[in-house]
Each structure stands twice: as structure tokens, then as C-alpha cells.
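A short worksheet on the structure shown next.
Starting from 1, each residue takes its place in the sequence as its number. Small disclaimer: the values here were computed from a predicted structure and weren't measured. The figures that follow rest on heavy atoms only: side chains count, while hydrogens, waters and symmetry mates do not.
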Amino acid sequence: MTALEVDIDPTEVGFDTGRLARLDRRLARYVDDGQLPGYLVTVARHGHLVHVSSAGCRDVEVGLPVERDTRWRIYSMTKPITSVAAMMLYEEGAFQLSDPIARWLPEFAETRVYVAGSAQKPVTAPQMEPIRVWHLLTHTSGLTYGFHHAHPVDAMYRAAGHEWGTPAGADSAEVCRQWAAIPLVFQPGAEWNYGVSTDVLGRLVEVVSGQPLDEFFEQRIFAPLGMTDTSFGLREGDDPESLARLYGAVPGRPGGAPTGFAPLDAMGATALSKPVFLSGGGGLVSTAADYLRFVELLRRGGSYDGGRLLGSRTIALMTRNHLPGNQDLETFGRPLFAETPLRGVGFGLGFSMVVDPVRYGVLSSLGDYSWGGAASTAFYVDPVEDVTVGFYTQLMPSSTLPVRNYLRQLVNQALVD
């Protein structure tokens, strides 16, 4: 696939076109109701793009429509790319998954662990288990995010300037030093908590490879895959109007649907140019066509038309549940988590996956793996049905609308083979 052009009749790969249209009607209703500024969705099966649709605007105030080459802040959909980068180095023998990260990032050797107390006066203890590469890939490191607002350590991140951004002028080496000076939420490996683990993993990629993260991505992943419109912020010469405007949901009644959305221009402006901190956890902008190339790499077990980036066994390892005893995120993870449902969902090396479709409560396949971004973008790969789906919009937070559940529900009901 080189462009967002449907290349086969959906009926030839098992889709009922009338039933597939239900996906468009459900998503367009969000736009018509003023709950979503605009969107673009892709559906592919057996390597053929069978469905592309869009509605609404990439900039509502100016009236610019969503187009197929619109750029989107993919935020945490950066994480799977960083995880692939790390596993490419793993395949070269650069490290073992069990290696302590302090071997390359010595600042984390003495990071303390929160035990009790407040953000101002925490009681801490030494690490009983070092942070290992595996902990970063699985979000079991004890690192957190300042925007969680769920734990005293989250407040410590915010006090240090780490909430929806990082201190001005701090590069990846400096932000890692700052995070290492803040206690971990728990002992490494003891629980699952969504946090800056993949950002630290990105720094590990830099140190091990000897390259800045953007150069590694460009030379080792983007160029081979033909991802010409994916970068850390817009590049010199890129059209600013190609980047969709970022919006935040306007809350409705408690527990109810949002009443609308409003621009988040200050936050959105950080993607208009290359940042100092190259966030492996959330710094990329991309297009639907570019990210489809990456997702197809995953579906094909690490290969692409021109060669191979990862071995198929490595992809298989990454997309298995690594939580102890095949637990799901509800039983092993921290309770406050908006990026994905918790029940029936496990976590591997950079991806979540469905480990119990019944417990998950959504029409899906066992082993379906995915991730999404803070502005409600999402993708998933269904290895049973050989389907990939991508969804792009710019609405924060990602928990505003149940789009990710509807994607699976409405794509799978359209399969009739």
C-alpha cells in the first residue's frame, strides 16, 4: 500500500459493504452532534485497503476539511514505533531484555521507591529489583505520568514540570535525569502503571545506537517503510495547515457525553516544529497513510515490500501478554487509566492485546493487539481475521468517546466470510 486508495472490492476479502457503511454512520454522527471535530478511518484485510472514509474538519474554525494527507499528533502511537526500534537493537544482540537499564542510564541505579507519605514529604525505600529493559517495554518499571492525578508521585512529576510536557530546553538525557531523581510508584515488576517508560526506552535507544532518536527512526524505520510524512513535529518546509488543530472536549453532565470541544492551541503549537525533547512516548506527527505502512509491517510479522525490520518470532513475542499469570490490566494494573479498557486486556512489549474477548465485552478476536494516543487516535491489528484498522482525530482526552470499542464492533460485524 503506497497511498490511501482502496485497492480491492471489499466483498472479495469477506466484507459486506452495506454493513461496513455502518461504521461511517456511527462516526459521522459524532461529527454531526458536535462531539468530534473530524476524523479519518482506514480498514484493511489481507494487505488490501478496503475502506477509507472521513468527515468533518481538521480545523473547524477556519473550515479546513479532513484530507487524506492531513497530519495528526499521534501522541502515544509513537510508543509502538519506539518499542520496535528497541527490539531491532535487541535482535542485533545489543542487550538482553533482563539487563538493568542502569548499565546505559546510570542515573536510574539509585532511584528510590515510594512507600508512604505526601508529595512534599515522601517516605521511600531502595529498589529491591533494578529497572530492566523488559520493565520499560511492559510499563512495569514504576515510572508514571504527571497527568494521572492519582498518586503522590504523580504530583511530584507535576511539581518538576512534567505533566503534558517537559521543562523548556531539556533534552532526553536531561528529562531522564529528572525522572530518575523522583521516586518510583512501586518496586519494578510489581505492578503495571502507564507512564514515561517508553520515553526512557527512547533514550536507551539513543545511547545504545549512538544516534539521536529522530535519526534512528528516519534511517532504520521511516525511510525503509516509505514513511515520508512522519517526524518529531513539523519539519522545515512542511505546511502548518496540513497539521490538524488540537481540541479538548467540553464536559457535559458528570458521566454524560461532552457538549462540544474547544481548541487547545497552546498545547497543540508544540507540534509545529521539532522539539528539544524527542519523546519516544508521544512526540510524533504522522499521516494515516504513513502509519498504515507501520501497522502493515506488524501484521506481516516484521516484513515489508523491500525487506524486513524485525523477525516474525520477535513480533510474536511482542504481541503476547507479558503480565504475570496471563493477568489482565484490571487485576495487575493501576486503576486510573484512560487509554484502553482494562478488563480482558493484557500487555506485551509495547502493545495491549485482548486476552479474553468475553471479559473485554467487545466483539473482538483473541490476540487482537493495539494502542492509541491521547488525542483519541487508535489502531489495532486482528491476527485472527487478518484485519488492520486505523483511526485519526484530534480530541483530548482519549476517554471522551468510546470510539475504540465502536471500531472493533462495527468492523467485525461487517465480516461475513
G350 to P80 - nearest heavy-atom pair and separation: O-CG, 3.9 Å

Main-chain N/O of T314 paired to E91 side chain as donor or acceptor, under 3.5 Å: no

N-O pairing of R300 and D305 below 4.0 Å: yes

N321 (side chain) donor-acceptor with Q327 (main chain) under 3.5 angstrom: yes

NZ or CZ of R19 within 45° of F15 ring axis and under 6.0 Å: no

F232-F217 aromatic ring centre distance below 6.0 Å: yes

Check: H48 main-chain N/O paired with D7 side-chain donor or acceptor under 3.5 Å: no

Non-hydrogen side-chain atoms of S376 and S398 separated by less than 4.5 Å: yes

Nearest heavy-atom neighbours spanning V196 and L143: CG2-CB, 3.9 Å

Side chain R112, main chain V123, donor-acceptor under 3.5 Å: no

Charged N-O contact under 4.0 Å between D417 and R45: yes

Euclidean distance, S54 OG relative to L4 CG, rounded to 0.5 Å: 9.5 Å

Residues R235 and D229 bridged, charged N to O under 4.0 Å: yes

Backbone N/O of R359 and side chain of R343: donor-acceptor pair under 3.5 Å: no

Close side-chain approach of D382 and R408, heavy atoms under 4.5 Å: no

Distance in Å, H322 NE2 paired with L317 CG, rounded so as to fall on 0.5 Å steps: 4.0 Å

Evaluation steps, side chain to side chain contact (heavy atoms under 4.5 Å, CB included), between I8 and V50: CA-CA 6 Å; I8 197 170; V50 302; 3.7 Å; yes

Closest approach of N412 to S364 (non-hydrogen atoms, all atoms of both residues): ND2-CA, 3.8 Å

Under 3.5 Å donor-acceptor, E206 side chain and L213 backbone: yes

Side chain to side chain contact (heavy atoms under 4.5 Å, CB included) assessment of H149 paired with D154: CA-CA 6 Å; H149 293 260; D154 303 342; 5.7 Å; no

Plane angle bin for Y194 and H148 - parallel if under 30°, tilted between 30 and 60°, otherwise perpendicular: tilted

Basic-acidic side-chain contact under 4.0 Å: D386, R299: yes

Side-chain donor/acceptor of T42 to backbone N/O of V52, under 3.5 Å: no

Nearest heavy-atom neighbours spanning A375 and R73: CB-O, 4.4 Å

Distance-minimising heavy-atom pair for R68 and L40: CA-CD1, 3.8 Å

Student check: side-chain heavy atoms of R404 and V389 closer than 4.5 Å: no

Cationic N near anionic O, under 4.0 Å, E218 to K274: no

Residues D199 and S279: side-chain donor-acceptor under 3.5 angstrom: yes

Residue from T377, T78, T230 passing side-chain hydrogen bond (donor to acceptor under 3.5 Å, both in side chains) with S286: T230

Side chain to side chain contact (heavy atoms under 4.5 Å, CB included) between I131 and L136, worked out: CA-CA 8 Å; I131 301 175; L136 297 179; 4.1 Å; yes

Gap between atom OH of Y304 and atom CD of E296 - 0.5 Å precision: 15.0 Å

Student check: side-chain heavy atoms of D24 and H51 closer than 4.5 Å: yes

Distance-only polar pair, side chains of S98 and R132, donor-acceptor under 3.5 Å: no

Separation between NE2 of H135 and CZ of F108, rounded to the nearest 0.5 Å: 14.0 Å

Ring-face cation of R103 near F95 (centre distance under 6.0 Å, axis angle within 45°): no

Donor on one side chain, acceptor on other, T198 and T82, under 3.5 Å: no

Side-chain touch L349/W134, heavy atoms, less than 4.5 angstrom: yes

Aromatic plane relationship, Y39 with F391 - under 30° parallel, 30 to 60° tilted, over 60° perpendicular: parallel

Q413 atom CD, over 12 foreign heavy atoms within 6.0 Å: yes

Heavy-atom side-chain proximity of L407 to F379 below 4.5 angstrom: no

Salt-bridge contact E174-R177 (side-chain N to carboxylate O under 4.0 Å): yes

From NE2 (H139) to CG (L323), nearest 0.5 Å: 11.0 Å

OG1-CH2 distance between T270 and W164, expressed to the nearest 0.5 angstrom: 11.5 Å

Nearest heavy-atom neighbours spanning P212 and L278: CB-CD1, 4.5 Å

pair D328-T331: side-chain heavy atoms closer than 4.5 Å: yes

Side chain to side chain contact (heavy atoms under 4.5 Å, CB included) between W72 and M77, worked out: CA-CA 11 Å; W72 312 90; M77 280 166 57; over 6 Å; no

Donor-acceptor under 3.5 Å (D16 side chain, V416 main chain): no

Side-chain donor-acceptor contact under 3.5 Å, S209 with R220: no

Ion pair D265/R245, N-O distance below 4.0 Å: yes

Min side-chain heavy-atom separation Y114-T144 under 4.5 Å: no

Residue from Y380, F351, F347 passing ring pair (Phe, Tyr, Trp, His ring centres under 6.0 Å) with W371: F347

Backbone of K79 reached by a side-chain donor or acceptor of S76 within 3.5 Å: no

Expected output: side-chain Q187 to main-chain P126 donor-acceptor under 3.5 Å: yes

